[in-house]
Asker: 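Structure incoming, see below.
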Amino acid sequence: MKLLRVGPPGAERPVVLGQDGTAYDLSGVTADIDGGFLAGLAGDGAAALAGQVAAGRLPVAEIGGQRVGPPVARPGKVVGIGLNYRDHAAEAGAAIPDEPVIFLKPSSTVVGPYDEVLVPRGGEKTDYEAELAVVIGRTARYLPDHAAAAGVIAGYTIANDVTERAFQFERGGQWDKGKSAETFTPLGPWLVTADEVADPQRLPLRLWVNGELRQDGSTGQMVFPVLELVRYTSQFMVLEPGDVIVTGTPAGVTLGRPGTPYLAPGDIVEIEIDGLGRQRQVLGKA
């Protein structure tokens, strides 16, 4: 299934897309696509909902022309993974990490896939990062293995892990400073449930700036695969339904392209991951 939220910020309504692309209103099933709803999909919940969609028991939703919000309502936390593609680590001049590099992004960074991204005040080097995002569907702590990790994943979506490099590297060396500005985590358009993604390590991902292809990679290039990231992260923090893990970016970011201007107001960033849809953001100024 593909789950999404449509409507103005703070007033989105939940929708599910059928196999033929028809949108069905989920408001009679859940108030929102949040942690509680995602936890309810565990076990037989997802199959039951899919059955309602297939049987046409849900009202059709007219969503044309409406804003698409992030597919998860205000995640409790967004967990970032750094340097998780060998080619990106090389372009950043960093060693391949021995263990996953973890940072946190506040939920206030999360916006919809077509919302404006704001260059922060004082920002000079705002950069893009196309990433696969993992959405958690069950509470997870100290997961023992990859099989257990697979069991807590609700689904996948697209993220742009927007980063202000000057804040990241030139203001005291704390990555969180460069990752935490408002609008810095566009998510969506859909949450694709895990059963529709046969192998999260075989997903091509691409990013364009003003129509120029900048990133062209595959999740198969990850240093640490998705299931290991989920297992590993659970050793250090409790993962809760609705939490999001953004899993790293391939080569091609502005940081690794000497002479290429960083993002500026008016620039257009587009991201696509096969099977997960496409994002488009226009840059503005805070």
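What's counted below: heavy atoms across the whole structure, side chains too, no hydrogens, waters or symmetry copies.
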Asker: For Arg231, does its backbone N or O pair with a side-chain atom of Gln235 as donor and acceptor, under 3.5 Å?
Answerer: yes

Asker: Does the cation-pi check pass for Arg280 over Trp208, that is, NZ or CZ under 6.0 Å from the six-membered ring centre and within 45° of its axis?
Answerer: no

Asker: Between Arg257 and Glu212, is the closest basic N to carboxylate O distance under 4.0 Å?
Answerer: yes

Asker: Hey, mind stepping through Val29 and Leu58 against side-chain contact (heavy atoms from CB on, under 4.5 Å) and telling me if it holds?
Answerer: CA-CA 9 Å; Val29 177; Leu58 300 174; 3.9 Å; yes

Asker: Should Glu270 and Arg206 count as an ion pair when the cut-off is N to O under 4.0 Å?
Answerer: no

Asker: Please check if the side chain of Glu12 supplies one atom and the backbone of Val68 the other of a donor-acceptor pair under 3.5 Å.
Answerer: no

Asker: Decide yes or no on salt bridge (Lys or Arg N to Asp or Glu O under 4.0 Å) for Glu170 and Lys125, but give the supporting numbers first.
Answerer: CA-CA 11 Å; Glu170 301 167 18; Lys125 298 178 180 179; 2.6 Å; yes

Asker: Pair Leu132, Ile158 - check side-chain contact (heavy atoms from CB on, under 4.5 Å), show working.
Answerer: CA-CA 5 Å; Leu132 173 67; Ile158 302 172; over 6 Å; no

Asker: Is there a path of hydrophobic side-chain contacts, each under 4.5 Å between heavy atoms of I, L, V, M, F, W or Y residues, that connects Leu239 with Ile102?
Answerer: yes

Asker: Could you pull out the closest heavy-atom pair between Pro120 and Ala181, with the gap in Å?
Answerer: CB-CB, 4.1 Å

Asker: Val226, Tyr85: one ILVMFWY side-chain cluster at the under-4.5 Å cut-off?
Answerer: yes

Asker: If Ile, Leu, Val, Met, Phe, Trp and Tyr residues are connected whenever their side-chain heavy atoms lie under 4.5 Å apart, and connections chain through other members, are Val135 and Val197 in the same group?
Answerer: no

Asker: I'd like to know whether Gln215 forms a side-chain contact (heavy atoms from CB on, under 4.5 Å) with Val253, so could you lay out the CA-CA distance, the side-chain angles of the two residues, the decisive distance to 0.1 Å, and finally the verdict.
Answerer: CA-CA 7 Å; Gln215 292 185 279; Val253 299; 3.8 Å; yes

Asker: Looking at Ala92 and Leu83, what are the two nearest heavy atoms and their distance?
Answerer: CB-CD2, 4.4 Å

Asker: If hydrophobic clusters are built from ILVMFWY residues whose side chains come within less than 4.5 Å, do Val244 and Phe236 share one?
Answerer: no

Asker: The test is side chain to side chain donor-acceptor pair (under 3.5 Å); show your working for Gln281 and Asp115 and say whether it passes.
Answerer: CA-CA 6 Å; Gln281 297 105 38; Asp115 289 345; over 6 Å; no

Asker: Any salt bridge linking Arg74 with Asp34? Criterion: basic side-chain nitrogen under 4.0 Å from a carboxylate oxygen.
Answerer: no

Asker: For a quick test of reading the model, state the closest non-hydrogen atom pair linking Thr163 to Glu129 and the distance between them.
Answerer: OG1-OE2, 3.6 Å

Asker: Heavy atoms only: give me the nearest Ala130-Leu205 pair and the separation to one decimal.
Answerer: O-CD1, 3.5 Å

Asker: Answer yes or no: does atom CD of Gln19 have more than 12 heavy-atom neighbours from other residues, nucleotides or ligands under 6.0 Å?
Answerer: no

Asker: Applying side-chain contact (heavy atoms from CB on, under 4.5 Å) to Thr254 and Val209, what does each step give before you reach the verdict?
Answerer: CA-CA 10 Å; Thr254 312; Val209 176; over 6 Å; no

Asker: For a quick test of reading the model, state the closest non-hydrogen atom pair linking Ile33 to Pro14 and the distance between them.
Answerer: CG1-CB, 3.7 Å

Asker: With a 4.0 Å cut-off on N to O distance, would you call Asp161 and Lys105 a salt bridge?
Answerer: yes

Asker: If every non-hydrogen atom of Phe184 is compared with every non-hydrogen atom of Lys179, which pair is closest and at what distance?
Answerer: CB-O, 3.8 Å

Asker: Under the 4.5 Å side-chain heavy-atom rule for ILVMFWY, direct or indirect, which residues accompany Val111?
Answerer: none

